[in-house]
K.L.:
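One structure, as structure tokens, below. Some questions next.
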Amino acid sequence: IEQWEPLLKQCGVEITYSPFETEELKKILYTSGNAAQKVRAVIGNINKRRLELATVGDFDLVYVFREAALLGPAWFERKVAATGVPMVFDFDDAVFVAYKSPSNGYLSYLKFPGKTATTLKLSAHVIAGNPYLAEYSGQFNDNVTIIPTTIDTDKYTVADNGAEPEILTIGWSGSYSTVQHLDTIRDVLQELAATEKFRLRVIGTSAYDLPGVEVEAIEWTSAKEIEDLEAFDIGVMPLPDDQWSKGKCGLKALQYMALGVPTICSPVGVNSDIIQDGVNGFLADGKQEWIRKIKELLHSKELRRSVGLAGRKTVEEKYSAIGQAPRVLEVFKTAIGDKQKG
């Protein structure tokens, strides 16, 4: 929504943000431990959310991304619906699937994934990030629009084709809770390192131990995200083939592609829609396929460049904020219009 805001503002839309996560909670939420601090921060933010409910009537529309509160049932969503102000619900993960986070395992049991169905029923309109999420939404709401994850193509640009680096960088970006996805190709990277020279850059965790592989692990920061991603010569997005992963909307792959970085993904969920294998990226299923396709890219600067540019073109044509924002505006107008008709 932050990407869309400047474009929506040109059409008269004013947005007031009310994030559940405070800076305090963000600092500790995706780290291991700190149980007491997390509980205190979450409770404090729930109380803040209660107070905010009094202002809902001042707005024409309430936009809920994923959930109004990190924990608990759809209490806040019910309260919003009771005010009569139309609500648009947007989600880009299979939040209706029970998922135990590595960083917040015990809190995962308080996520109430069943609240997604309730929120869908209460919403005037639903924005789903991919067809899998749209199909699920259709069971509970007739007004569903697929709007994919988007990239700000003014901020994400393709770097000039400079000199070949001495050591190529294979990169992965995620978080402490999703680094388990990178673990699915540990053996691939270790076998490659036995014969190929490369560096692995891992964004999203302060340490990543992979014997036999040169690893550079760095924490994710919003301020440096694009700069950190630009160091990639090849971007990887491995995923397990499960119900949770099918809900993923390919953000990391799209970020790599927008920067002209050739991308290799697991053929899971929307990845198979985004990537045309061998054209604008690669799909790899199984150890040997991962090894072969990474090798192809490591050995050919021309292939990296052509695939990277094709990936960039895909983002510009289908996944740019400027291309999708008008469709978001139409959803907002429809939700408000339907309420006024009612």
Side-chain angles (χ1 to χ4, degrees), residues 1-23 25-26 49 52 55-56 58-68 80 85-93 123-130 133-134 143-160 173 175 203 220-230 235 248-261 270 274 309 311-340:
I1 191 69
E2 290 174 339
Q3 287 181 43
W4 303 330
E5 181 180 15
L7 302 162
L8 295 173
K9 191 172 183 178
Q10 295 173 12
C11 301
V13 177
E14 296 181 9
I15 298 175
T16 299
Y17 290 96
S18 178
F20 183 84
E21 291 183 20
T22 58
E23 289 302 318
L25 183 56
K26 284 181 182 179
R49 183 66 91 218
E52 291 168 345
T55 68
V56 169
D58 297 335
F59 297 88
D60 300 301
L61 179 80
V62 173
Y63 167 89
V64 176
F65 179 62
R66 294 170 64 100
E67 55 199 351
V80 169
V85 176
M87 180 169 63
V88 169
F89 177 53
D90 182 359
F91 67 132
D92 63 351
D93 260 328
S123 299
H125 208 108
V126 176
I127 296 175
N130 65 36
L133 301 179
N143 302 316
V144 180
T145 299
I146 298 174
I147 297 179
T149 292
T150 58
I151 300 292
D152 185 338
T153 48
D154 289 333
K155 292 182 178 179
Y156 283 75
T157 58
V158 179
D160 291 335
S173 180
S175 65
I203 299 175
W220 179 89
T221 65
S222 177
K224 286 190 63 189
E225 181 175 28
I226 296 177
E227 179 185 341
D228 290 339
L229 291 170
E230 285 175 334
K248 292 289 181 185
C249 291
L251 171 61
K252 297 307 175 185
L254 293 170
Q255 286 179 299
Y256 307 157
M257 293 165 68
L259 293 171
V261 175
V270 76
I274 296 172
L309 291 176
R312 167 70 187 192
K313 184 178 180 183
T314 297
V315 173
E316 290 176 345
E317 292 178 348
K318 298 180 180 179
Y319 301 96
S320 69
I322 195 169
Q324 295 294 336
R327 301 183 64 229
V328 177
L329 178 63
E330 190 58 35
V331 168
F332 289 177
K333 284 182 175 179
T334 299
I336 294 170
D338 288 348
K339 178 62 182 177
Q340 292 173 342

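Counting from 1, the numbers follow the sequence of the chain as shown.
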K.L.:
How many angstroms lie between atom CG of Asp93 and atom CG of Asn130, to the nearest 0.5 angstrom?
P.N.:
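Nearest 0.5 Å value for the CG-CG distance: 9.0 Å.
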K.L.:
Please check this pair: side chain of Arg312 against backbone of Met257, looking for a donor-acceptor N/O pair closer than 3.5 Å.
P.N.:
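Absent.
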K.L.:
Determine whether Tyr156 and Val315 satisfy the following criterion, side-chain contact (heavy atoms from CB on, under 4.5 Å), listing intermediate values before the conclusion.
P.N.:
CA-CA 10 Å; Tyr156 283 75; Val315 173; over 6 Å; no
K.L.:
What are the two closest non-hydrogen atoms of Val126 and Ser123, and how far apart are they?
P.N.:
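What the structure gives for the nearest pair is CG2-CB, 4.3 Å.
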K.L.:
Minimum heavy-atom separation for Ala325 and Leu7, please, with both atom names.
P.N.:
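Ala325 and Leu7 have their closest heavy atoms at CB-CD1, 3.6 Å.
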K.L.:
State the CG-CG distance between Leu254 and Leu259, to the nearest 0.5 angstrom.
P.N.:
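The distance works out to 11.0 Å.
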K.L.:
Could you report the tightest heavy-atom contact between Ala128 and Val144, atom names first, then the distance?
P.N.:
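Of all heavy-atom pairs spanning Ala128 and Val144, the closest is CB-CG1, 4.2 Å.
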K.L.:
Among Val328, Leu329, Val13, find the residue that satisfies the side-chain contact (heavy atoms from CB on, under 4.5 Å) test when tested with Trp4.
P.N.:
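Only one of Val328, Leu329, Val13 forms a side-chain contact (heavy atoms from CB on, under 4.5 Å) with Trp4, namely Val328.
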K.L.:
Grab the two heavy atoms, one from His125 and one from Asn143, that are nearest each other, plus how far apart they are.
P.N.:
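Nearest pair, atom of His125 first, then Asn143: CD2-O, 3.4 Å.
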K.L.:
For the NZ atom of Lys248 and the CG atom of Asp92, what is their distance to the nearest 0.5 Å?
P.N.:
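Going from NZ on Lys248 over to CG on Asp92, the span is 8.0 Å.
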K.L.:
Looking only at atom types and distance, does a side-chain atom of Gln324 sit under 3.5 Å from a main-chain N or O of Ile151, one as donor and one as acceptor?
P.N.:
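Flag not set: sc Gln324 to bb Ile151 has no pair under 3.5 Å.
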K.L.:
Answer yes or no: does atom CD1 of Ile226 have more than 12 heavy-atom neighbours from other residues, nucleotides or ligands under 6.0 Å?
P.N.:
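Yes, the 6.0 Å shell around CD1 holds more than 12 heavy atoms from other groups.
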K.L.:
Is there a side-chain contact (heavy atoms from CB on, under 4.5 Å) between Phe20 and Arg66? Walk through the geometry before answering.
P.N.:
CA-CA 11 Å; Phe20 183 84; Arg66 294 170 64 100; over 6 Å; no
K.L.:
Measure the spacing between CG of Asp90 and CD1 of Ile1 and express it to the nearest 0.5 Å.
P.N.:
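One gets 7.5 Å once the value is rounded to the nearest 0.5 Å.
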K.L.:
Could I get the full list of salt bridge (charged side-chain N to carboxylate O under 4.0 Å, His left out) partners for Glu52, not counting sequence neighbours?
P.N.:
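Glu52: salt bridge (charged side-chain N to carboxylate O under 4.0 Å, His left out) contacts with Lys48, Arg49.
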K.L.:
Atom CD1 of Ile147 and atom SG of Cys249: how far apart are they, to the nearest 0.5 Å?
P.N.:
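Spacing of CD1 (Ile147) from SG (Cys249) equals 11.5 Å.
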K.L.:
Write down the atom of Pro86, the atom of Ala335, and the distance for their closest heavy-atom approach.
P.N.:
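The pair with the smallest heavy-atom distance is CB-O, 3.8 Å.
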K.L.:
Should Lys155 and Glu230 be marked as a salt bridge (charged side-chain N to carboxylate O under 4.0 Å, His left out) after you check the CA-CA gap, both sets of side-chain angles, and the distance that decides it?
P.N.:
CA-CA 12 Å; Lys155 292 182 178 179; Glu230 285 175 334; over 6 Å; no
K.L.:
Look at the side chain of Asp152 and the backbone N and O of Gln3, then say whether any donor-acceptor pair between them is shorter than 3.5 Å.
P.N.:
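No, Asp152 side chain to Gln3 backbone: no donor-acceptor pair under 3.5 Å.
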K.L.:
Does some side-chain heavy atom of Leu251 sit less than 4.5 Å from a side-chain heavy atom of Gln255?
P.N.:
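Answer yes - side chains close enough.
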K.L.:
Ignoring hydrogens and geometry, is there a side-chain-to-backbone donor-acceptor pair from Tyr256 to Ser173 under 3.5 Å?
P.N.:
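Flag set: sc Tyr256 to bb Ser173 pair under 3.5 Å.
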K.L.:
Any chance you could lay out the side-chain contact (heavy atoms from CB on, under 4.5 Å) test for Thr153 and Tyr319, step after step, and finish with the verdict?
P.N.:
CA-CA 9 Å; Thr153 48; Tyr319 301 96; over 6 Å; no
K.L.:
Using every non-hydrogen atom in the two residues, find where Ile274 and Gly250 come nearest and quote the distance to one decimal.
P.N.:
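Minimum heavy-atom contact is CD1-CA, 4.1 Å.
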K.L.:
Could you measure the distance from the CZ atom of Phe332 to the CD1 atom of Ile15? Nearest 0.5 Å is fine.
P.N.:
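Result: 6.0 Å between the selected atoms.
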K.L.:
Please test Val261 against Leu229 for side-chain contact (heavy atoms from CB on, under 4.5 Å), starting from the C-alpha separation and ending with a verdict.
P.N.:
CA-CA 9 Å; Val261 175; Leu229 291 170; over 6 Å; no
